[in-house]
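Presented below is the structure to which this report refers.
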Amino acid sequence: MAVSAINNTQNLLTENLSLSKVSKENRTAFDHLLNSAINMYKEADGLQNAAEESEINFALGYASSTHELAAAQQKANIALQYTVKVTNKALEAYKELMNMQV
């Protein structure tokens with residue numbers, strides 16, 4: 001399940017990148033890419049919140065399945081790692097563009 005959530009985000013990002021090649025205006029491509037990044041952050045935040053809720057429910061005794069707790073934590077962890085890596089790559093690209101001489 002964790003992989004499918006990440007694949008959905010990766011597909012959105014890939015679709016937006018392919019749109020940037022076809023797009024007539026740079027603003028449209030950037031808008032799609034920015035919206036994709038914002039959605040990725042929102043999805044990662046939602047998974048983090050779901051993992052916290054699962055931990056609280058398990059601690060209070062409302063849930064007895066350690067499997068569901070571990071799955072929620074793993075989903076949140078993978079989403080966070082993916083988000084951090086994409087952010088780092090975007091910052092690297094930005095820094096490289098800023099270092100280019102015109």
Solution key, residues 90-101 side-chain donor-acceptor pairs under 3.5 Å, sequence neighbours excluded:
from: N99; atom 1: ND2; to: K95; atom 2: O; distance (Å): 3.3

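- D45 pairs by the side chain to side chain contact (heavy atoms under 4.5 Å, CB included) definition with N49, not counting sequence neighbours.
- Q73 is linked by a side chain to side chain donor-acceptor pair (under 3.5 Å) to E55, counting only residues two or more places apart in sequence or in another chain.
- Smallest separation of non-hydrogen atoms from A72 and S54: CB-OG, 3.7 Å.
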Problem - Check against side-chain contact (heavy atoms from CB on, under 4.5 Å), I78 and Q74 - result: CA-CA 6 Å; I78 290 172; Q74 189 64 24; 3.6 Å; yes
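- Connection of Y62 to F58 is not established within any shared hydrophobic cluster, with ILVMFWY side chains joined at heavy-atom distances below 4.5 Å, either directly or through further cluster members.
- Every residue two or more places apart in sequence or in another chain that forms a side chain to side chain contact (heavy atoms under 4.5 Å, CB included) with T83 is listed here: M40, Y41, A44, T87.
- Here CG of N39 is found 8.5 Å from CD of E43. Values are rounded to the nearest 0.5 Å.
- With values rounded to the nearest 0.5 angstrom, D31 atom CG is found 4.5 Å from N35 atom CG.
- Applying the side chain to side chain donor-acceptor pair (under 3.5 Å) criterion to E52, with sequence neighbours excluded, gives no partner residue.
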